[in-house]
Structure formats: structure tokens, C-alpha cells
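So the structure is just underneath, and the comments pick up after that.
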Amino acid sequence: MEKLQAIRGMNDILPENSLSWQYLESTFQRIVKRFGYQEIRFPILEHTQLFKRSIGEVTDIVEKEMYSFDDRNGNSLSLRPEGTAGCVRAADQHGLLYNRQQRLWYQGPMFRHERPQKGRYRQFHQFGVEAFGMSGPDIDVEVLQVAAMLWQELDLEEFLVLEINNIGSAADRKEYSKALREYLQSIEGQLPLDDDARTRMHVNPMRVLDSKHPGVQAALGDAPVLYNFVNDDSKDQYEELKMLLTASNIDYVENPKLVRGLDYYNNCVYEWTTDTLGAQSAVCGGGRYDGLVEQLGGRQTLACGFAIGIERLVLMLDTLHKIPEEALKPIDVYVACVGENVTEQALALAQAIREEQPDLGVISHCGSGKFNSQLKRAFSSGAKVAVILEREGDCNAPLQTGKIRRLDDSIEAQTYEIAAIPKKVAEVLLN
């Protein structure tokens, strides 16, 4: 019988890899708490129309990448390809946005049917931060401070660059798209695009700006500049944003071709990029989306936020060796038991250590095994010390003493009263 394998592009996260994920997740959760953001959880499955109305029908995500199907009632449903639309739907449905400011965060899997490659998978995971009811640009800078503090905590600051741009209002982009379309039509013969891309050029020409093809970028040298079409209010907010970023010691570079791949953005957009991951350079992206809540049927609500690709960030941390050693070794103590009638006492001692030292990871040996075999398992577990209960001969009386041995090059072991071992373990670990 043929063994079943995971679906292509949907990867298992094995125990040795999950430690990096746990370190990143705990760091992110600690930081958003510092800024007063609260967690929201929403389904991975939504009505397809939610994403068509938010992301835009003429996008790669909606046209090619969504996992969509009809349920038994004939409703078109989709696995979420991103988090903002679902967050907005949930917050508006439950009355979190009416005349209120909200700071929310989420994390979880997203799904896009695209070609799997390094740091880019069909099931991928994101952290998201969304802020509602604030006009900015102060809230835009606060959101960027969240990301900046995360990079600082992860020791990744020097490997990430913040790129920003101002894409103006929907009306601004409509005028710009008209001018850009006329320009692209005039150089259409120079653009190395397939038929699908040429069609999109006429329907949504700003997508061409985001092309990674060097030939396309070369042909765009004399294209109209979006900033020249942006209204004065948006420009004023953008200048204030840059001033506040400088005052907050957040370095940035301006990228006039940055437009983001989702239709709901307006005014400020940004990406944190790196050159450590090859072609997949974007680690975090976001901006303002003041019209999205109303676009999805709610009241007009000011909003902004970002999403971080967890796989790419984990890849960065592992590649650059930025995971602290203690985070990769969750086991501190291995309790070994040798001889007759020792198992019950060993299980009780392991539990006593857990209760006395709640921050320690403790494994109690289960199953038979000679002393050398158990010690070998203790070393391979990554534990720093072994607690050894050993009985010689046949006896039912409880052991009175046990040993604590450091799992390093030393072979010395110290003997202690069993009642004292839960406290002594912490002392040995500190020395």
C-alpha cells in the first residue's frame, strides 16, 4: 500500500523546528502585549466574496491562488489567503468597531495555491496587527514601532530595511492608473509580458509596477510617478509620517514603486525587506486601508496594520543563528531510575521538581532500560542535569537518597536527600 504524503507546499513542522516557532511566537506575543494589542481569532474558512470584495478580483490571489469550493448548499467558500479581511469581518460583525478604537493582533495559517519555493508555501503562517478608529499618521508609526521592537528583540535590525511609499486615495490612483495605462500602451512592445499579464496591464496597470522582471522594471524608467498624482492632504500626512519615523529612530528608505499587492490599501504603504532570503525579500508588509470596513458593508472606519510571514522570519532566525541556545533546549532535567521498585518514586520526584521549579522542563524516564541506556537518553534529550534514583538488590523500602549529575564532560555526581533534590536541582543548574 502506498504511503500517504503531505500535500505539496503544506509542510509538517517537526519538534526540532517547532522550538524556533515557539521562540518567535512567544516574543511576538510579549511585544504586542506591551503595546496594548488584544488577540482576535477568526475562522480559516470564509465566504469567497469576502476576499473578492476586499483584495480585488483582478489580482493573482483571487484569480489564481485561492483554495475555493462550493459547499453542499452551493455556497462558494475559500480558505483565507490573508488575515486582514477576516479580521475586519469579525470585528465589524461583533460590533467592535462602532465609535471605538481597537488594537488587535492575530496569528495562524493562510492558504495560497502558488508555486512552493524557499520561504513561500501553499499553507503559510502570519502574524497580523490591525488598528481601527485612528486617523494617523501617529498610529501608523506606532504599528511600525511594534515591528521595529520585534526586530530589535530578535536581533535582526541590521538585516531588515523599511521601505515606504504614499499611494494616495482611491481617486488619486484612478487618475494615475489612467496615465500609467496610456504610458504602458505606448511601450507595450517593449514589455516582456505574457498574454495574461498584458490583459491585466489594461485592467489594473499598477500591478505592472510590482513586477520583479528586470526587463519590465527597465521599461518603466520613464513611467508616470504615482506621487505626482497624490492629493495634498495625503502628501502632508506622508511628510508627518516621515518626521515621526525619524523622531522614533526608525530608519526608512522611500520606494516610489511600492504599491503592495492588495487593492484595499491607501495612503501609507510599507514593507520590511531583507537580502538574506534570496528572491523572497519581503518579511513584513502593510499600510492604511481606511475604506475596507465600509467596502465590506460596515461604517466608514479608519484602519491600518501589517502582516508578517512567520516562515520567512523563522528562516531568517535559523539562517543567521539568532535563536538563543536555551530556547532550542526545552528540557532541563532528566530523571533516571534503575533497579526494582523505583519507578513510582521516580515519577513522584519528577512531579515534585516540576512543582518546585515550574520554569524547568523535566522528563521522567519511562520504560525499561539499564543505567547506561538511560544516561544516553538523558544526554540526547538536551537536558542539563540528570537526577538518578538507583537501587541495588531487591527491596521495597523507599530510597532515601538520589544523585544529581551534570550532563557535561564531568562524570561527578552529588548525593542528596530525596526531599532536598527539587531545590538542589535549581542550584546545580545555576552553577
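What's counted below: heavy atoms across the whole structure, side chains too, no hydrogens, waters or symmetry copies. For clarity, every value in this text was computed on a predicted model and none was experimentally measured.
- Remark: the backbone N or O of A307 is not paired with any side-chain donor or acceptor of Q126 at under 3.5 angstrom.
- Listed by chain and number, the residues in a ring-ring contact (aromatic ring centres under 6.0 Å, His included) with F159 amount to none (sequence neighbours excluded).
- Scored by the ring-ring contact (aromatic ring centres under 6.0 Å, His included) test, Y121 finds no partners at all (sequence neighbours excluded).
- Judged purely by atom type and a 3.5 angstrom limit, D332 uses its side chain to pair as donor or acceptor with the backbone of G361.
- Counting heavy-atom neighbours within 6.0 Å of Q38 CD, excluding the residue itself, gives a total of 12 or less.
- A centroid separation of 6.0 Å or more is found between the aromatic rings of F306 and W272.
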- Report the C-alpha distance between E39 and Q29 in whole Å, list the side-chain angles of each, state the deciding distance to 0.1 Å, and finish with yes or no for side chain to side chain donor-acceptor pair (under 3.5 Å). CA-CA 9 Å; E39 184 182 13; Q29 291 172 17; over 6 Å; no
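- Among pairs with a residue in residues 24-38, those fulfilling salt bridge (Lys or Arg N to Asp or Glu O under 4.0 Å) read R30-E153, R34-E153, at least two apart in sequence or across chains.
- Put simply, OG1 on T27 and CE on M149 are 12.5 Å apart, with the number rounded to the nearest 0.5 Å.
- Side-chain atoms of R122 come within 3.5 Å of backbone N or O of E114 as a donor-acceptor pair.
- Taking the salt bridge (charged side-chain N to carboxylate O under 4.0 Å, His left out) definition, one finds that K178 meets it with nothing, sequence neighbours left out.
- Minimum heavy-atom separation, A413 to R405: CB-CB, 3.9 Å.
- Here the side chain of Q374 pairs a donor or acceptor atom with the backbone of G369 at under 3.5 angstrom.
- Screening F111, W21, Y106 for a ring-ring contact (aromatic ring centres under 6.0 Å, His included) with H125, the sole residue that qualifies is W21.
- Atom CZ of R377 has 12 or fewer heavy atoms from other residues, nucleotides or ligands within 6.0 Å.
- The number of heavy atoms from other shown groups lying within 6.0 Å of NZ (K403) does not exceed 12.
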Show which side-chain atoms of residues 75-85 pair as donor or acceptor with protein atoms under 3.5 Å away, not counting sequence neighbours.
{"residue": "N75", "atom": "ND2", "partner": "D71", "partner atom": "OD2", "Å": "3.4"}
{"residue": "S76", "atom": "OG", "partner": "T48", "partner atom": "OG1", "Å": "2.8"}
{"residue": "S78", "atom": "OG", "partner": "T48", "partner atom": "OG1", "Å": "2.7"}
{"residue": "S78", "atom": "OG", "partner": "S68", "partner atom": "OG", "Å": "2.5"}
{"residue": "R80", "atom": "NE", "partner": "P109", "partner atom": "O", "Å": "2.8"}
{"residue": "R80", "atom": "NH1", "partner": "F42", "partner atom": "O", "Å": "3.0"}
{"residue": "R80", "atom": "NH1", "partner": "P43", "partner atom": "O", "Å": "3.4"}
{"residue": "R80", "atom": "NH2", "partner": "P109", "partner atom": "O", "Å": "3.1"}
{"residue": "E82", "atom": "OE1", "partner": "T84", "partner atom": "N", "Å": "3.2"}
{"residue": "E82", "atom": "OE1", "partner": "Y264", "partner atom": "OH", "Å": "2.7"}
{"residue": "E82", "atom": "OE2", "partner": "A85", "partner atom": "N", "Å": "2.9"}
{"residue": "T84", "atom": "OG1", "partner": "E130", "partner atom": "OE2", "Å": "2.8"}
{"residue": "T84", "atom": "OG1", "partner": "Y264", "partner atom": "OH", "Å": "3.4"}

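- Looking at R53, its side chain does come within 3.5 Å of a backbone N or O of Q295 through a donor-acceptor pair.
- Applying the side chain to side chain donor-acceptor pair (under 3.5 Å) test to every pair with at least one member in residues 2-19, sequence neighbours left out, gives no pairs at all.
- Ion pairing of K423 with E427 is absent here, as no side-chain N (NZ or NE/NH1/NH2) approaches a carboxylate O to less than 4.0 Å.
- Residue pairs meeting the side chain to side chain donor-acceptor pair (under 3.5 Å) criterion with at least one member in residues 154-166, sequence neighbours excluded, are D155-K322, E163-N255, E163-T273.
- In this structure, CG on L429 lies 8.5 Å from CD1 on I404, to the nearest 0.5 angstrom.
- For E254 and Y238, the side-chain atoms include at least one donor-acceptor pair closer than 3.5 Å.
- Legend: residues meeting side-chain hydrogen bond (donor to acceptor under 3.5 Å, both in side chains) with R354, ordered by chain and number and at least two apart, are Q351.
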- Carefully, step by step, assess W105 and F28 under the rule ring pair (Phe, Tyr, Trp, His ring centres under 6.0 Å). CA-CA 10 Å; W105 71 270; F28 176 79; 5.7 Å; yes
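- The only option from L317, I31, L160 that meets the side-chain contact (heavy atoms from CB on, under 4.5 Å) definition with L154 turns out to be L317.
- In this view, Y334 satisfies the ring-ring contact (aromatic ring centres under 6.0 Å, His included) rule with no residue, not counting sequence neighbours.
- Within the structure, the ring pair (Phe, Tyr, Trp, His ring centres under 6.0 Å) test picks out the following pairs touching residues 162-184 (sequence neighbours left out): Y176-F229.
- Q123 and Y67 are not linked by any side-chain donor-acceptor pair at a separation below 3.5 angstrom, with hydrogens and angles left out of the test.
- Not counting sequence neighbours, H47 has no partner by the ring-ring contact (aromatic ring centres under 6.0 Å, His included) test.
- I323 contributes atom CD1, which lies 11.0 Å from atom CD of Q22 (distance to the nearest 0.5 angstrom).
- For T319 (side chain) and M316 (main-chain N/O), no donor-acceptor pair under 3.5 Å exists by modelled atom type.
- Residue pairs meeting the salt bridge (Lys or Arg N to Asp or Glu O under 4.0 Å) criterion with at least one partner in residues 282-291, sequence neighbours excluded, are D140-R288, R288-D290.
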